[in-house]
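In what follows, a structure is listed as structure tokens, so that the remarks can point back to it.
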Amino acid sequence: LGLESSRLACLHWHNVSTDERHPLPVSAKMLRGLHNDLGEVYRDAWARLMSKNSRSSMVLITVPFDPFSEVIRPFVREVRRALAVASAPPQLLRSLLPIEEPPAAMVAAAAAAAWAARGPSDGGSALQNEVETLHYLSSLAIIVDILEASYARFPFILGGTILLVFSVIAVAFRAALAPVKMFFTVVVPLAAVFGVAVWVYQMKGLAFLGVPALTSAAGAGFYWGTPIFTCTIIIGLALDYDVFLFARVVELRRSGFDNALAVRGAICLTGPIITSAGLVMAIALGGLMLCDVPSSNQIGFVMAFGVLVDTFIIRTCLVPAVLTLAAGLNYWPQRLPHPSKTLGDFMALVQGVPSGRSGDATTIAAPSASPSMLAVA
């Protein structure tokens with residue numbers, strides 16, 4: 001129609017007079033009555049965007065940026081704030097101003113929607129004095145709302161899960177301070193796993209490899225749902241291995257080994273099982289990286305990488321160090337027998353030879369452990 005794309009063009013309902021805000025010599029009623037393609041398109045748009053009583057309308061906004069980029073979050077906040085200011089009564093408007101100046105590209109459409117709903121300032125629209133509220137809604141806005149609501153509740157969900165699980169562990173092992181040590185072997189490494197994931201997908205640290213599953217598209221980054229979907233699963237898998245290992249430590253300590261030998265023996269005896277289980281889970285979860293969905297690639301990477309870190313680094317390095325540091329706190333407040341087993345008993349244990357006399361109640365049948373595993377321990 002020869003108008004600049006940045007100009008806001010409105011129509012009167014009846015008259016065809018023109019001014020700065022009504023540059024076209026045509027009315028809305030006239031367009032609705034046309035018996036041609038233009039009239040049909042206008043009537044269809046009217047039916048979709050106006051309520052049946054013509055008291056409310058929907059204004060479509062075309063944004064000047066990629067709506068699927070990270071810009072959508074500040075855009076939704078700025079638009080809703082601009083609409084709240086535009087629909088506020090004068091006394092409330094004075095308390096809201098001055099507001100922080102938002103980017104012009106973000107609120108230009110919001111200002112247009114607000115003016116269109118209120119009508120011209122000269123009172124030419126009957127709708128002007130009847131506008132109560134202005135709302136912004138879209139499928140992307142709903143996603144933004146879900147994102148912000150999820151992250152607002154996520155700390156409580158995560159904290160409640162950790163508190164409940166660690167309380168159950170403390171009661172099951174009758175060790176009040178064992179969960180404190182497990183916190184350092186589960187929760188702290190979890191933060192490192194997500195840090196690596198951010199480096200891979202947000203900072204594109206492995207983009208030079210040219211593997212689509214190990215990078216994100218231009219303008220994209222780390223999927224917001226990945227921590228929410230994977231955090232509790234990784235905690236469960238890590239605790240599973242830690243509980244399995246700690247149960248063996250407690251068993252050996254109760255049988256008469258000192259804390260250092262109990263930790264070394266538990267690592268030797270549970271090593272093959274935990275390693276095999278970790279590899280199976282990593283392969284199964286890593287299968288998500290073979291699909292073409294970027295969010296599934298990131299979820300698969302986080303879970304597979306988290307399992308591998310827990311299996312080969314946390315279990316073999318961090319857990320033994322934590323369990324041998326202030327050893328008495330591992331089992332407090334329960335009292336355990338004084339260590340009575342020797343290094344010879346330990347060697348017999350890891351080699352699968354029963355220790356002590358045949359009728360000894362503390363005899364522990366153990367699977368064989370290879371010399372290499374003993375050397376690692």
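Atoms considered below: every heavy atom in the structure, side chains included; atoms not considered: hydrogens, waters and symmetry mates. The structure displayed is predicted, hence computed values, not measured ones.
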Tyr331 side-chain N/O to Arg174 backbone N/O, donor-acceptor pair under 3.5 Å: no

Arg253 vs Lys341 side-chain heavy atoms within contact, under 4.5 Å: no

So, the side chain of Asp258 versus the backbone of Pro339: is there a donor-acceptor pair under 3.5 Å, distance only? no

Considering all heavy atoms of both residues, which atom of Ala304 and which atom of Ala282 are nearest to each other, and what is their separation? CB-O, 3.7 Å

Test side chain to side chain contact (heavy atoms under 4.5 Å, CB included) applied to Ile143 and Ser139, step by step: CA-CA 6 Å; Ile143 294 177; Ser139 58; 5.6 Å; no

Considering all heavy atoms, the nearest Cys231-Leu190 contact: SG-CD2, 3.4 Å

Determine whether Val193 and Val302 make a side-chain contact, defined as any pair of heavy atoms from C-beta on separated by less than 4.5 Å. yes

Could you tell me the separation between the CG atom of Leu323 and the CG atom of Leu245, rounded to the nearest 0.5 Å? 6.5 Å

Phe208, CZ atom: more than 12 neighbouring heavy atoms under 6.0 Å: yes

For the residue pair Thr230 and Phe194, establish whether any side-chain heavy-atom pair is separated by less than 4.5 Å. yes

When hydrophobic residues are tied together by side-chain contacts of less than 4.5 Å, even through go-betweens, does Met347 share a cluster with Leu269? yes

Would you say the rings of Phe301 and Tyr201 are close, in the sense that their centroids are separated by under 6.0 Å? yes

Which atom names give the shortest non-hydrogen contact between Leu252 and Ala266, and what distance separates them? CD1-N, 3.5 Å

Has Met50 got more than 12 heavy atoms of other residues, nucleotides or ligands less than 6.0 Å from its CE? yes

Mind jotting down which residue pairs meet the side chain to side chain donor-acceptor pair (under 3.5 Å) criterion with at least one end in residues 275-303? Sequence neighbours excluded, please. Thr275-Arg315

Could you check whether any side-chain heavy atom of Leu237 comes within less than 4.5 Å of a side-chain heavy atom of Asp310, counting everything from C-beta outward? no

Same cluster or not: Ile273 versus Leu279, using hydrophobic residues (I, L, V, M, F, W, Y) connected whenever any side-chain heavy atoms lie under 4.5 Å apart? no

Closest heavy-atom pair, Phe154 versus Pro227, reported as atoms and distance to 0.1 Å, is CZ-O, 3.8 Å

Under 4.5 Å between any side-chain heavy atoms of Ser340 and Phe257, yes or no? no

How long is the straight-line distance from CD1 of Ile157 back to CD1 of Ile228, given to the nearest 0.5 Å? 7.5 Å

Residue pair Leu31, Val26: steps toward the side chain to side chain contact (heavy atoms under 4.5 Å, CB included) verdict: CA-CA 7 Å; Leu31 287 179; Val26 64; 3.9 Å; yes

Side chains of Val165 and Ile235: does their closest heavy-atom pair fall under 4.5 Å? no

Nearest 0.5 Å, please: how far is NZ in Lys181 from CD1 in Ile169? 14.5 Å

When you group the ILVMFWY residues by side-chain heavy-atom contacts below 4.5 Å and let the links chain together, are Leu163 and Val187 in the same group? no

Within a radius of less than 6.0 Å around CZ of Phe183, do more than 12 heavy atoms belonging to other residues, nucleotides or ligands occur? no

If hydrophobic clusters are built from ILVMFWY residues whose side chains come within less than 4.5 Å, do Ile233 and Val188 share one? yes

Using a strict 4.0 Å threshold on nitrogen-to-oxygen distance, state whether Arg80 and Asp145 make a salt bridge. yes

Who pairs with Arg153 by salt bridge (Lys or Arg N to Asp or Glu O under 4.0 Å), at least two apart in sequence or on another chain? none

Start with the C-alpha gap between Glu251 and Arg248, add the side-chain angles, then the distance that decides, and say whether side chain to side chain contact (heavy atoms under 4.5 Å, CB included) holds. CA-CA 5 Å; Glu251 180 183 357; Arg248 197 62 165 168; 2.9 Å; yes

Value for CH2 (Trp224) from CD1 (Ile146), rounded to nearest 0.5 Å, stands at 6.5 Å

Ser216 and Lys204: side chain donor to acceptor below 3.5 Å: yes

Sub-4.5 Å side-chain heavy-atom contact between Leu140 and Phe75: no

Could you tell me whether Arg335 atom CZ has more than 12 heavy atoms of other residues or ligands within 6.0 Å of it? no

Any chain of hydrophobic side-chain contacts (each under 4.5 Å) joining Met289 to Trp199? yes

Compare all side-chain heavy atoms of Phe246 with those of Val243 and state whether any distance is below 4.5 angstrom. no

Between Gln202 and Gly221 (side chain of the first, backbone of the second, donor and acceptor by atom type, cut-off under 3.5 Å), is there such a pair? no

For the student: nearest non-hydrogen atoms of Tyr42 and Ala28, plus distance: OH-CB, 3.3 Å

Mark yes when over 12 heavy atoms from residues, nucleotides or ligands other than Asp44 sit less than 6.0 Å from its CG; otherwise mark no. yes

Evaluate Phe312 against Cys317 for side chain to side chain contact (heavy atoms under 4.5 Å, CB included), listing each step before the verdict. CA-CA 8 Å; Phe312 293 101; Cys317 300; over 6 Å; no

Just verifying a value: how many Å separate Leu158 CG and Thr232 OG1, rounded to the nearest 0.5 Å? 8.5 Å

Mind checking the CH2-CG spacing from Trp332 to Leu177? Nearest 0.5 Å is all I need. 6.0 Å

Once you measure the plane-to-plane angle for Phe229 and Tyr223, does it fall in the parallel (<30°), tilted (30-60°) or perpendicular (>60°) bin? tilted

Is Arg43 paired with Glu40 through a side-chain N to carboxylate O contact shorter than 4.0 Å? no

Minimum heavy-atom distance between Leu288 and Cys291, given as atom pair plus value: O-SG, 3.0 Å

Determine whether Glu78 and Arg73 satisfy the following criterion, salt bridge (Lys or Arg N to Asp or Glu O under 4.0 Å), listing intermediate values before the conclusion. CA-CA 9 Å; Glu78 296 293 352; Arg73 293 182 65 186; over 6 Å; no

